[in-house]
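To keep things clear, I will list the structure first and then write my remarks on it.
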Amino acid sequence: MNIVLLGAPGAGKGTQAVKIEEKFFLTHISTGDMFRANIKDGTEIGKLAKTYIDAGKLVPDGVTCEIVKESLKKVKGGYLLDGFPRNLFQAEELDKFANIDLCLNLEVDTSLLLDRICGRRMCHCGATYHVSTLGGKTTCERCGKPLYQREDDNPQTVKARLATYEDQTAPLKNYYLAENKLATVDCGAKSPDEVFKMVCAVLEKFNK
Ligand code: AMP
């Protein structure tokens with residue numbers, strides 16, 4: 001089963017992806033994580049990506065499609081694409097080198113997202129928290145490592161990321177709808193576990 005995970009920044013794609021990969025034995029491929037790893041390692045791709053990421057814009061399609069294409073070559077079995085495709089061009093390119101079975105769309109009220117993203121704290125193990133529920137804790141409940149805040153989780157960049165999403169990524173819902181591959185989970189203000197139950201219901205039905 002090859003899945004595209006779609007959703008606005010802060011919709012909970014990363015959180016759900018960690019749970020989905022564990023339960024359904026899929027390889028989780030996140031373009032955002034790949035860019036951040038390149039930035040950390042100081043590669044040419046990292047240097048290029050940083051200027052776009054800091055501005056809340058999309059990294060150019062050529063570089064982005066190439067890293068996804070290369071990483072899919074190494075994957076055995078099903079995978080979960082998190083953060084790719086992010087525009088129509090990428091979706092069309094993806095269809096040339098992959099067979100996508102399903103687009104799982106996490107639908108959220110975008111008015112909730114600014115606060116949600118700016119209060120977000122991450123762990124390198126993939127776990128995500130919100131400051132309001134941490135009670136002052138600064139380490140990960142799952143692995144004990146220190147939490148950090150993403151550089152692009154600041155109000156100015158988040159506003160730009162949300163605009164980029166509405167403008168370029170949200171239209172992909174219609175793209176996958178037209179291919180009869182769209183499944184939408186309405187997340188509302190539900191907890192990650194409640195959302196995961198709905199996600200499992202969709203994936204189990206689909207997997208039969
Ligand atoms: P994410 O971790 O998915 O929120 O991605 C963080 C940032 O990486 C985005 O705001 C973009 O600047 C960049 N990025 C991630 N995925 C893509 C993609 N598919 N196309 C272009 N830029 C991307």
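Ligands are counted one by one from 1 in listed order, and the atoms in each one are counted from 1 as well.
- Residues Leu94 and Pro85 share a closest heavy-atom pair of CD2-CD, 3.8 Å.
- Near Gly83, with a cut-off below 4.0 Å to any heavy atom, the atoms of ligand 1 are 16 (N), 17 (C), 18 (C), 19 (N).
- Asn38 and Thr43 are linked by a side-chain donor-acceptor pair at a separation below 3.5 angstrom, with hydrogens and angles left out of the test.
- Of the protein's heavy atoms, Gln90 NE2, 2.9 Å lies nearest to atom 20 (N) of ligand 1.
- Nearest to atom 7 (C) of ligand 1 by heavy atom, out of Val59, Asp82, Leu81, Ile53, is Ile53.
- For atom 4 (O) of ligand 1, the nearest protein heavy atom (residue, atom name, distance) is Arg150 NH2, 3.1 Å.
- Given atom 15 (C) of ligand 1, the protein heavy atom at minimum distance is Arg86 NH1, 3.3 Å.
- Counting heavy atoms under 4.0 Å from ligand 1, residue Met122 does not touch it at all.
- Atom 23 (C) of ligand 1 has Phe35 CE1, 3.7 Å as its closest protein atom, hydrogens excluded (heavy atom only).
- Interface atoms of ligand 1 facing Arg36, defined by a heavy-atom separation under 4.0 Å, are 2 (O), 6 (C).
- Among protein heavy atoms, the minimum distance from atom 12 (O) of ligand 1 is reached at Lys57 O, 2.6 Å.
- Other residues, nucleotides and ligands contribute only 12 or fewer heavy atoms inside 6.0 Å of the NZ atom of Lys57.
- Summary of contacts: the protein heavy atom closest to atom 16 (N) of ligand 1 is Thr31 OG1, 2.8 Å.
- Within 6.0 Å of the CD atom in Glu151, the count of heavy atoms belonging to other residues, nucleotides or ligands does not exceed 12.
- Tested against Phe84, the residues Ile67, Thr64, Ile29 include a single side-chain contact (heavy atoms from CB on, under 4.5 Å) partner, Thr64.
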